[in-house]
Structures are given as structure tokens and as C-alpha cells.
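Note on naming: letters A, B, ... go to the chains in the order of the sequence lines (proteins, then strands), and numbering restarts at 1 for each one.
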There are 2 protein chains.
Amino acid sequence: MGRKPTGRPTSFDIAYAAGVSQPTVSRALRGDRSVSEKTREKIKQIARDLNYTVDKNASSLRSQRSNTIALLFFEDPTPDESMINPFFLAMLGSITKATADEGLDLLISFQRMEDDWHVRYQDSHRADGLILLGYGDYTQYRERMDQLSRQGTHVARWGSVSSDSSGVTVGTDNVQAGRLAGEHLVEQGRRKIAFLGHADEHYPEFNGRYRGLVSALADAGIEADEGLQFDALTTEEEGFSAARSLIESGREFDAIFAASDLIAIGAMRALAEAGRSVPEDVAIVGFDDIPAASMTTPPLTTVMQDIKRAGQVLVEALLAQIEGRDLPPRKLPGKLIVRGSSVTS
Amino acid sequence: MGRKPTGRPTSFDIAYAAGVSQPTVSRALRGDRSVSEKTREKIKQIARDLNYTVDKNASSLRSQRSNTIALLFFEDPTPDESMINPFFLAMLGSITKATADEGLDLLISFQRMEDDWHVRYQDSHRADGLILLGYGDYTQYRERMDQLSRQGTHVARWGSVSSDSSGVTVGTDNVQAGRLAGEHLVEQGRRKIAFLGHADEHYPEFNGRYRGLVSALADAGIEADEGLQFDALTTEEEGFSAARSLIESGREFDAIFAASDLIAIGAMRALAEAGRSVPEDVAIVGFDDIPAASMTTPPLTTVMQDIKRAGQVLVEALLAQIEGRDLPPRKLPGKLIVRGSSVTS
DNA sequence: AAAACAACAGTGAACGTTCACAGTTTGAAA
DNA sequence: TTTCAAACTGTGAACGTTCACTGTTGTTTT
């Protein structure tokens, strides 16, 4: 019959060997229930014997579904290309796992927003949807996100959860998480708690953490001192210089809540240079629980985001959107990991 | 003409608008030189206006080339899923960049070797070739690798470079790199240098580093003491316990060369607990230059692998193989990064 | 006993490209 | 002028699936 001398077998070859029509092979392997158990098994066996695999391109072309999603990073570009924020790497692991569990393939790209992502990925039918991952001032991307949504691009974003942005968003409940840190420090008897990290609305995640801290203080009857907040992006250097500014400001403080672990690590270096001991003089709490957090001296107390769950929820939300049912934004709770940097023994 | 009510435009729509035939559109956008400059520009403009993108699936199906490669990790599974070896994450960044530069898409998977990779990726035409990344006892995979090669799967592997394994291999010159570490420690006046890491042939990378150390010692007229080698896989815990064993063995040593930074970090913890100071009592050199290496106290001297180059070379080698021209294995030189853990000021 | 319905399998077309080849025009060489 | 190749563009088919129907059984209902 229609067998060709080419190497790779096609569904026609399987069909011929099984004595059925080619579409039946397709149905059988796809698990369509309109194929009898008997012929399905036979077909599967033959497919295995002949080392046959469904051609992904043909399948995607015909069905208009690639079963692939694209993971895009839009982190503020760091000078050192290879230095990716460890938190996102953990997210990457989690998302990889979640997609694999759903039988999806995962494309990744670190390209920046200037590129036309929807064109490159979804419009070209490479992927059925996009997951966006990134810190930074994402407000500049909001318009773009809205545009994507309007064009029918399916997007799930990790980040600050707010109702005003389009597309599905999944993120840690930063306010609750910030409150955790604040409550912990208050419990440790700290009263003058500094915050290192941008706290304005351009950085809604950091902003939420700050608000959580403030509200925890308020609950304890302490008024937050706005002069103890110092801007910092999420790098070790920025943490270092923010802590320097804090120290040089001459203001009194007995604790630091850093908006990220990298900031915290930079701050610890600054404190060490200034001769302030951790946790005796200054208790410190970070955010993210990156691997390095447990390796500092003393080990860093931090707020862990539920990364494992995050990947699942992102993928779940994206799939829902692709299939037409929209899910509401999801907030995941943070969890406090107490280590040596915040408790005096 | 053949325009459909569907949303996405096809090359037919472009062709109609441009007044040419559909294949001409395909040729023009693909950069085929047999289309006149004038019509090409016109077609490109119209394509831009109509927001047209070439359908990846149709293109791949017809041309039998997906312009996609799959990156597969076969690291020894860690209990904690989300904890990926930082070194590989850096490699991931580098490979992402290299593929993007070549206009390739990158699929990634952390699944383990048990799965039929070639079936899942290359045979199904998802990808044109595979890049394999992983530490660990890869000898168990060698047979599998050979099989893949025989089946016509295109594979480039990162790891120990030896001529006996099939497929293209790219890796750091571990012997040279180990020698760098050894020479450095000798220069610092160290004589009794311990090695932490598996040194047998099942771990060819660690083994190469050990051989490099031994040869550097030999060049300096020092005989290596085999009793100072202690097994360790590349985790912080294993580094810690290997260092414990070393200390408890009662043997004298004034330096440690750890086969990886994680091992080194674990070893530093063990040394601290035992009251030995770094670098005064014990100089220590790691391997990989992971981000955490610069954050330890003292900062860790280490051997950096040329990760940026590694990604390029891997992709280059894989493409060559796909296109039928086989490249020889490539060794990349390591580079010593001197920090505080190995020099007494 | 006829009609109606599952359950299953086959037929032809369609998805949107790229490929191989066959035309057409143009300008230069004979 | 005639000839021929180069430079372009068009035609028809092919890549390997999945989709929408149609057809065939065998079983159940009225």
C-alpha cells in the first residue's frame, strides 16, 4: 500500500500492519473512545513494535493545538546575562514540573518585552499560551498586557495580584506575607523596623510587603517610621547600598525587613562592615528563601513563597483560559522560615 | 478569493493582497533570493500590516525541520525537586541565549532518563536535536547514548570529554582546571592538599579535576597523598560529611580542593564547626563559581567554567551534527577566580 | 417484525506551509 | 534578428495528522 521507503513510519504504516484505516490509528492512539478496546490494543502494540510516534507538527497543524506553553522572563535585564534571579529559577523548576504533569511541552525564552512575544509564540502557533515571569516595574508593561489580552493571546502572569490588570494573575499574598515578617520581628521585641526595597506603587509586590509590615506594626500599636524605608531593587548591590544609606542616615533601628533575600544579603554585608552584629544589634528578615539564604552567617530568616504550588496554579489558570473558562486571580500564602538572623538565642 | 472568515490571516491572504501567488509569499518571507527585491518588500510590508506570522507547525511539517532543540537534564534526582544545581541554571541561561541567537526555539525538560527522550522529542519532530546536561554517574547512560546515536538522534552532551562515547561532547578541560587549582594552592605554600569528591572513573569530571591536582603537585615535586581524597557527590551535605571524615581521619592537611562549590561550602561549615579557620589553617578552593560562592565568609576561591562559551559551543556542535557535518569533541579551559578562602593576607 | 439506535470503522477533505518543476519575461550574446 | 540563459513567478502536489460525514454492523425498542 502507501508505504514509502523513508525511515520514519507514519500512521499509514501502522494502519496497513493492523489492517485498519489510517484515521482509526489516529483515533486509537489518541484514546478516542469510538475505537473498540481490541483494535486499540492491537494498534498500540504495532505502534510500539514499529517505533512509531505521532508527528507533533502534523498533529498541531490539524488540530490547531500545540499542547505547548511558552515561559517568558521579563526581568529587568541584569548586566551579567548568566545571573538569573534564583527565585525565578525555582519557579522555572516548578513550572516545568507542572507542565510535564499536564503533558505539555515547555518553551522558554529570556528575551525582553520589546520583542513581539505574542507574534513569536502564540500567533505562530508555537504555543497555546504564555506564562510571564518577572519582577520589576511591570506597570510599564500593563498596556502591553492589555493589548495581548485583547488580541486573544492567553497569558498567565506571576506577580502582584490586582484586579485591574487583564489576563490571569497568580501571586503570593504579599501583604499577608509582609505581615508575617512584621509580626515575627515584633514578637522578637523589635520596634524600629527598617524596610529595604522600593515601596511605591510601581513595585506592587514590594509595596504589598511593606504594607503588610506596616499593618503588623499597627496591630502591635507601633507607628511605622517612614524614614526607615529605603529604596532598593532586588540585587545584592542595591541591598548593600540601601543598608549603607540607612546606617549613614543616623536613624535608630533594631531590625530590617528586606524585600528580597538578595537585598538582605547585601544588607548583612553592610551591617558587618559597620560593625553591627546580626541578630543582636539588628534582626533581619528576607524574602524568597533562595538557596543562599541558608548559607549565610547567621542563616537568614525569610519568607518563603509557595513555589511548588505557584507553578501548578499558573499552569492550571493558563489552561483554563485557553479552554475558555476564565479563573479569578489567585493569591498564595507565604510562609515564614525562622533562622538565626532574627532570633537571639 | 480563498479568504476565510477565520481570524488569523494565512499566506493566501497576503498573496491576494499583494497580487502574487501564495508560494511567492512563502519564498519572500523566508528570504529566498529568487524573489525580486521589490515584491519581497511589498510582501513584507503587507504581512506586517495584516499581522501575519508564518505558522510554525505547517512550516515544520512541510520542511521537516522544527528549528527547535530540546534541553534535557539528567541530574541525579534530588529529594527537593525545586533545588536545581545552580551551575546548570547558569548553563541554561547560556544555552537559551545561544539558541535565541541562532533563531532556534528551546524546549526544556527535567525528566529523567527512563523516559524515551528521543521518542518524545526528536522522533515526534518536536525538536531537531537534543542537548543533554547533567552531572552524576553518566556511565550508566552511555549505552543509551550510543543507542540514541545509532538511531540517528542528534545529541550534544555537556560533560566529561572522552573519545569513547558517541554523540558530540563539550566540556571543560577538567584536568587543566584541576591543575590550575593545584598550582594556585602550591603557590600559596600549601603542601598537604585534600580532595573532596568522587575520584573514580564513574565520575570522569571529578576524576579529571583530581588528576589535574595530582599532576600540579607532581610538577612541584610533591607526592599526592591518596589518603587525603574523600568521596562526595555534589551537594552541600556530602561536602560537609566528607570534610568531617577528613577531619576525623586525623590526617594533617593545610588545604582542600573541593570538586564543586557546594561541596566546598559544606566543607567550610565542617571546618568552622571543628574550629579550623579558613584560609589560615586550611585554604580552600571550589569549582563552578556558583553565585553563592562569592557570598560565603570568606568568599570562596573557585574555578570558573566558561559557561557563556559553553552554551554557544553546544548549540554550534548540535547544529553541525544536524546538518550532517560532525564536529570533534571540544574542551574549554577553566579559569581560576581567586577570593579570600585561599590566600592569607 | 419493523424501526430505531448504538457502536464502530471508513472516506474524503482540510490544516498552512514548502518543494519540485514548469512557465514567462528580460537582457545579453551569437 | 535568433538563441539562450538568467531572473523571476506560477502550478500542482506533498508533509502527516485530525475533522466531519457516511456507511456498516449488531442490538435493542415498539
Rounded off to whole Å, could you give me the [atom1]-to-[atom2] distance for the [X] and [N] pair?
{"X": "A/I43", "N": "D/dT17", "atom1": "CD1", "atom2": "C1'", "answer": "15 Å"}
{"X": "A/D55", "N": "C/dG16", "atom1": "CG", "atom2": "P", "answer": "17 Å"}
{"X": "B/E37", "N": "D/dA7", "atom1": "CD", "atom2": "P", "answer": "14 Å"}
{"X": "A/L61", "N": "C/dA13", "atom1": "CG", "atom2": "P", "answer": "18 Å"}
{"X": "B/R126", "N": "D/dT17", "atom1": "CZ", "atom2": "P", "answer": "13 Å"}
{"X": "B/D13", "N": "C/dG16", "atom1": "CG", "atom2": "P", "answer": "9 Å"}
{"X": "B/K38", "N": "D/dA7", "atom1": "NZ", "atom2": "C1'", "answer": "14 Å"}
{"X": "B/H125", "N": "D/dC15", "atom1": "NE2", "atom2": "P", "answer": "12 Å"}

Taking any heavy-atom pair under 4.0 Å as a contact, classify [X]: base, sugar-phosphate, or nothing.
{"X": "B/T39", "result": "sugar-phosphate"}
{"X": "A/Q22", "result": "base"}
{"X": "B/R27", "result": "base"}
{"X": "A/S36", "result": "sugar-phosphate"}

> Of B/S34 and A/S60, whose closest DNA chain D nucleotide lies nearer the 5' terminus?
Replying inline: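 Residue closer to the 5' terminus by nearest nucleotide: B/S34.
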> Has B/R48 got more than 12 heavy atoms of other residues, nucleotides or ligands less than 6.0 Å from its CZ?
Replying inline: yes
> So, for B/Q22 and B/S11, which heavy atoms are closest and what is the spacing to 0.1 Å?
Replying inline: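 Smallest interatomic distance, heavy atoms only, reads NE2-OG, 3.0 Å.
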> Considering all heavy atoms of both residues, which atom of B/K44 and which atom of B/A28 are nearest to each other, and what is their separation?
Replying inline: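 Looks like CE-O, 4.3 Å.
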Report yes if at least one side-chain N or O of [X] is closer than 4.0 Å to OP1 or OP2 of [N]; otherwise report no.
{"X": "B/S21", "N": "D/dG10", "answer": "yes"}
{"X": "B/S11", "N": "C/dG16", "answer": "no"}
{"X": "A/R62", "N": "C/dT17", "answer": "no"}

The side chain of [X] is closest to which nucleotide in this list: [options]?
{"X": "A/R30", "options": "D/dC15, D/dC19, C/dT17", "answer": "D/dC19"}
{"X": "B/V54", "options": "C/dT17, D/dC15, D/dG12", "answer": "C/dT17"}
{"X": "B/P23", "options": "C/dG10, C/dC19, C/dC15", "answer": "C/dC19"}

> If you round to the nearest 0.5 Å, how far is CG of A/L332 from CG of A/L314?
Replying inline: 8.5 Å
> How long is the gap from CG on B/D105 to NZ on B/K56, to the nearest 0.5 Å?
Replying inline: 4.5 Å
